[in-house]
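Structure record follows, encoded as structure tokens.
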Amino acid sequence: MKLGLFGGSFDPIHKGHLHIAHAFAEELALDTVVFLPAGDPYHKQGERVAAKHRLAMVEAAIADKPHFAASDLDMVREGATYSVDTVQIFKQHYPKDELWWLLGMDSLLQLHTWKNWQTFVRQTHIAVAARAGQNLMSAPPELRDWLGDALQKGSLKILSAPLYDVSSTQIRAELAKGKKADEWLPETVADYIAREKLYR
């Protein structure tokens, strides 16, 4: 099987996340995309809506999408969670599967600052979602050799579908003003936010 891993705060999950997850699945012929909401901040309070709510919103958003799944793996581990460890756990559970990790272009260009990034890129394939106008030309020197090699081998792919021009930060700001953000949210997520009185 080909398994896609999509980590993020999902605070809240919105239509842009679902759009790029569909592109991720279609362009790479993935069997399943697993959404991995980040855990509660281990070093600060009040930075995000509680992980249990963010997981519930992800589950509500993907309930009718059989090729999408949600995992609490990054929520149940204590302390800081690192992508290299998350991928290692998936490799242990699915040793025969081909793993793909979805990154935004800005994250890719910072990859050399991640914990054990060279190990991480050996353990998984990487798909990159870019906004219009973003490219690899501004890649730092530390990444250039790996980028060229990975693109040639096919272990790094740039998705052709562009990212939606909407962010969770923008949605939270609208909701905090008492406005609706239904145009950006799946209906099930908007209902959950209203019911649980989140982001007020």
Side-chain angles (χ1 to χ4, degrees), residues 4-25 33-65 67-83 85-86 101-111 113-115 126-135 138 159 161-200:
L5 305 178
F6 186 4
S9 297
F10 302 117
D11 191 18
I13 187 169
H14 53 68
K15 290 178 180 177
H17 291 130
L18 297 177
H19 163 77
I20 208 64
H22 278 293
F24 186 31
V33 174
V34 181
F35 290 75
L36 289 150
D40 292 320
Y42 70 100
H43 57 306
K44 293 181 184 173
Q45 292 302 312
E47 244 183 34
R48 303 183 185 121
V49 160
K52 66 176 184 178
H53 287 306
R54 292 183 286 105
L55 177 63
M57 287 188 281
V58 168
E59 290 173 338
I62 66 173
D64 61 345
K65 297 168 177 59
H67 297 303
F68 290 172
S71 168
D72 65 358
L73 177 63
D74 283 350
M75 292 168 41
V76 297
R77 282 148 58 205
E78 292 186 2
T81 55
Y82 297 102
S83 300
D85 301 325
T86 303
W101 188 277
L102 180 62
L103 279 181
M105 180 64 80
D106 3 5
S107 296
L108 178 75
L109 297 178
Q110 293 293 316
L111 191 60
T113 67
W114 288 24
K115 180 188 174 187
I126 294 175
V128 182
R131 298 191 188 282
Q134 286 184 325
N135 58 51
S138 55
L159 298 182
L163 285 169
Y164 262 30
D165 193 20
V166 61
S167 72
S168 296
T169 304
Q170 179 184 350
I171 292 169
R172 290 196 303 271
E174 291 296 299
L175 293 169
K177 294 176 197 166
K179 297 182 179 179
K180 289 194 170 183
D182 293 10
E183 63 185 291
W184 299 313
L185 296 170
E187 186 178 347
T188 51
V189 174
D191 290 347
Y192 184 92
I193 289 170
R195 189 167 65 249
E196 297 293 331
K197 301 179 173 60
L198 303 178
Y199 306 112
R200 293 188 173 183

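Residues Lys115 and Asp85 meet the side-chain proximity criterion, which asks for heavy atoms closer than 4.5 Å. Side-chain contact between Ile171 and Pro12 is present, with heavy atoms from C-beta onward closer than 4.5 Å. In this structure, Val58 and Val189 have side chains that are not in contact, with every pair of non-hydrogen atoms separated by 4.5 Å or more. Residues Gln134 and Asp106 meet the side-chain proximity criterion, which asks for heavy atoms closer than 4.5 Å.
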Which side-chain N or O atoms in residues 193-200 pair as donor and acceptor under 3.5 Å with protein atoms at least two apart or in another chain?
{"from": "Tyr199", "atom 1": "OH", "to": "Asp11", "atom 2": "OD1", "distance (Å)": "2.6"}

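Interatomic distance, Glu174 CD to Glu183 CD, rounded to the nearest 0.5 Å: 8.5 Å. Taken to the nearest 0.5 Å, the NE2 atom of His19 stands 5.5 Å off from the OH atom of Tyr164. A distance of 12.5 Å separates CG in Asp191 from CE in Met57, rounded to the nearest 0.5 Å. From Ile126, atom CD1 reaches atom CG of Leu103 across 5.5 Å, with rounding to the nearest 0.5 Å. For the atom pair Ser71 OG and Phe6 CZ, the distance stands at 14.0 Å (nearest 0.5 Å). A distance of 8.5 Å separates NE2 in His14 from CG in Leu185, rounded to the nearest 0.5 Å.
The shortest heavy-atom contact between Trp114 and Ser83 is CZ3-OG, 3.4 Å. Taking each heavy atom of Pro186 and Leu18 in turn, the nearest pair found is CG-CD1, 3.6 Å. The nearest pair of heavy atoms linking Asp182 to Ala190 is OD1-CB, 3.8 Å. When all heavy atoms of Thr188 and Ala60 are compared, the pair lying nearest together is OG1-O, 3.0 Å. Across all non-hydrogen atoms, the minimal contact from Val34 to Ala70 is CG1-C, 4.5 Å. Scanning both residues, Gly39 and Arg48, for their nearest heavy atoms gives O-NH1, 2.8 Å.
Looking at Lys180, its side chain never comes within 3.5 Å of a backbone N or O of Leu175 through a donor-acceptor pair. Judged purely by atom type and a 3.5 angstrom limit, Asp40 uses its side chain to pair as donor or acceptor with the backbone of Ala51. In this structure, the side chain of Ser168 does not engage the main chain of Phe10 through any donor-acceptor pair within 3.5 Å. In this structure, the side chain of Arg172 does not engage the main chain of Ser167 through any donor-acceptor pair within 3.5 Å.
No more than 12 heavy atoms of other residues, nucleotides or ligands sit less than 6.0 Å from atom NZ of Lys52. Surrounding CG of Asp165 are at most 12 heavy atoms belonging to other residues, nucleotides or ligands under 6.0 Å away.
A side chain to side chain contact (heavy atoms under 4.5 Å, CB included) with Leu102 holds for exactly one of Val33, Leu5, Ile20; it is Ile20.
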Verdict with supporting geometry, His53 and Tyr192, side chain to side chain donor-acceptor pair (under 3.5 Å):
CA-CA 9 Å; His53 287 306; Tyr192 184 92; 2.7 Å; yes
Phe35 vs His17, ring pair (Phe, Tyr, Trp, His ring centres under 6.0 Å): CA-CA, chis, key distance, verdict:
CA-CA 10 Å; Phe35 290 75; His17 291 130; 7.9 Å; no
Evaluation steps, side-chain contact (heavy atoms from CB on, under 4.5 Å), between Arg54 and Met75
CA-CA 10 Å; Arg54 292 183 286 105; Met75 292 168 41; 5.7 Å; no
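Thr86 and Arg77 share a donor-acceptor pair across their side chains, judged by distance under 3.5 Å alone.
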